[in-house]
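Data first, discussion second: the structure below is written as structure tokens.
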Amino acid sequence: MGFVIYDLESTGLNKRFDQILQFAAIRTDESLTVVERVEFQGRLRPHILPSPGALHITGARYDDLIDPLRPSYDAMMGSIHETLVRWTPSMFIGFNSVGYDDELLRQALYETLRPPIFITNMKGNSRGDLLKLARVVGTLRPDVLRCASDANGRRVYQLAELARANGIDPGRSHTAAADVATTLALCQMIAAKAPDLWSSFMRFSNKAAALEFIAEHEAFAAFEFTGGRQDVHLVTAIGNKPTDKNVRYCLDLTVDLNALRRMTADELMAEVSKREGPVRRLKANASPIITELWELDNELLGDFSEADLEATATAVRGDVGFV
């Protein structure tokens with residue numbers, strides 16, 4: 001199974017209102033060698049008002065967007081849908097795609113009556129988000145992926161800035177075709193220089209593989225980017241979300257578990273509801289970055305050993321009342 005690297009540009013950031021204006025994608029073989037390229041554009045729909053910020057970033061001109069010679073929105077979506085179906089099965093990869101591009105694409109397929117709207121992770125397809133992988137590689141393997149820093153010293157994970165920091169020309173960034181080429185170049189670099197992390201990224205792009213891993217391991221590590229930093233959480237799965245079979249709730253094994261046990265129900269509810277609380281929410285269908293404890297350097301385990309964490313996880317999961 002090969003890869004599909006894709007990107008889109010839109011009229012704004014509202015995933016339930018704004019529309020796709022540009023769509024570009026590259027299909028590769030298993031070694032990330034280019035097999036085929038496509039690029040589509042669509043005309044602005046009459047009821048859509050583009051965000052001035054989006055026009056500024058992409059360099060689009062309003063007169064061009066309403067040009068009657070430009071393909072209609074429906075025609076563009078027909079071409080996109082036909083391509084996605086033809087390229088199935090593949091692993092679909094974008095940059096910040098799980099949180100944005102995928103959602104906008106699903107909305108567009110829904111509005112234009114072109115099922116299945118969840119095509120990027122159905123019918124043998126899987127999806128991965130390069131932004132998530134880049135944050136992990138930048139943290140664990142800075143020798144592989146260099147990151148620029150902002151005025152506060154925090155790593156910057158913007159596509160064009162990552163490219164420049166690693167000797168890749170981003171071209172005319174914020175155009176779909178240029179961003180796809182940049183994303184592919186970063187994928188090729190990581191796959192060549194950090195094959196273990198790339199292999200894990202591919203494995204857990206499949207939600208069934210992610211769910212199986214979580215179920216089989218008493219304790220494991222989950223990477224999460226919060227507050228401008230990359231955190232590594234040492235966790236054990238303690239529950240499912242009844243309304244979403246892809247969600248697993250995981251307890252941080254490094255917190256004071258005895259303090260949690262002493263809390264009243266109301267106190268415990270307040271504690272686990274905190275954004276930085278002891279429970280992490282993992283979505284198996286959102287390209288999670290998870291790994292076995294033995295794959296981490298000792299410094300990431302902190303004051304805990306792998307055996308300690310495994311034993312704590314076993315004790316927690318066996319305490320039915322507490323869970």
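If you're wondering where the values come from, they're calculated on a predicted model, not measured in any experiment. Throughout, numbering of the chain's residues begins at 1 and tracks the sequence.
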Hey, does P115 have a side-chain heavy atom less than 4.5 Å from the side chain of L109? no
Could you give me the CA-CA distance, side-chain angles and deciding distance for V156 and C147, then say whether side-chain contact (heavy atoms from CB on, under 4.5 Å) is met? CA-CA 6 Å; V156 175; C147 302; over 6 Å; no
Set of residues satisfying side chain to side chain contact (heavy atoms under 4.5 Å, CB included) with respect to T83, sequence neighbours excluded: V38, F40, R86, W87
List the residues meeting side chain to side chain contact (heavy atoms under 4.5 Å, CB included) with A313, not counting sequence neighbours, and say none if there are none. E218, A219, T236, L253
Any chance you could pull the hydrophobic cluster mates of L211, using side-chain heavy atoms under 4.5 angstrom and chaining through other members? none
Going by the salt bridge (charged side-chain N to carboxylate O under 4.0 Å, His left out) test, which pairs reach into residues 239-248, not counting sequence neighbours? none
S200 meets the side chain to side chain contact (heavy atoms under 4.5 Å, CB included) criterion, sequence neighbours left out, with F204
Is it the case that the side chains of D18 and T11 hold a donor-acceptor pair, with the cut-off being a distance below 3.5 Å and no angle test? yes
In T312, V323, L234, L257, the residue satisfying side chain to side chain contact (heavy atoms under 4.5 Å, CB included) with L251 is L257
Should V235 and F220 count as side-chain neighbours, where that means a heavy-atom distance under 4.5 Å? yes
Only counting residues at least two apart or in another chain, list the ones meeting salt bridge (Lys or Arg N to Asp or Glu O under 4.0 Å) with D303. none
So the salt bridge (charged side-chain N to carboxylate O under 4.0 Å, His left out) pairs with at least one residue in residues 177-192 (sequence neighbours excluded) are none
Set of salt bridge (Lys or Arg N to Asp or Glu O under 4.0 Å) partners for D74, sequence neighbours left out: R114
Pairwise side-chain contact, S51 with L13, heavy-atom cut-off 4.5 Å (strictly under): no
Any side-chain donor near an acceptor of the partner, Y100 and D129, under 3.5 Å: no
Rest of the hydrophobic cluster containing L55 (Ile/Leu/Val/Met/Phe/Trp/Tyr, side-chain heavy atoms under 4.5 Å)? F17, L21, L44, I48, Y62, L65, I66
Partner set under salt bridge (Lys or Arg N to Asp or Glu O under 4.0 Å) for D29, not counting sequence neighbours: none
Would you say that N206 contacts M91 through its side chain, given a criterion of any heavy-atom pair below 4.5 Å between the two side chains? no
F201 side chain reached by I190 side chain, heavy atoms, under 4.5 Å: no
Check: K15 and Q107 side chains under 4.5 Å, non-hydrogen atoms: no
Could you walk me through whether D266 and M269 pass the side-chain contact (heavy atoms from CB on, under 4.5 Å) check? CA-CA 5 Å; D266 288 341; M269 179 69 80; 5.5 Å; no
Between CD1 on residue I93 and OG on residue S287, distance to nearest 0.5 Å: 8.5 Å
Looking at residues at least two apart in the chain, or sitting in another chain, which of them share a side chain to side chain donor-acceptor pair (under 3.5 Å) with D252? T254
Does L32 reach the side chain of W198, with side-chain heavy atoms less than 4.5 Å apart? yes
State the NE2-CZ distance between H233 and F223, to the nearest 0.5 angstrom. 10.5 Å
Can you check whether F92 reaches D102 side chain to side chain, under 4.5 Å on heavy atoms? no
Just by distance, do the side chain of E30 and the backbone of M1 share a donor-acceptor pair under 3.5 Å? yes
To check you understand the geometry: which heavy-atom pair defines the closest contact between R70 and G42, and what is its length? NE-O, 2.7 Å
Run the salt bridge (Lys or Arg N to Asp or Glu O under 4.0 Å) test against R281 and tell me which residues pass, sequence neighbours left out. none
Can you tell me how far NE2 of H217 sits from CD of E310, rounded to the nearest 0.5 angstrom? 8.0 Å
Which one of V272, V279, L282 satisfies the side chain to side chain contact (heavy atoms under 4.5 Å, CB included) criterion with Y249? V279
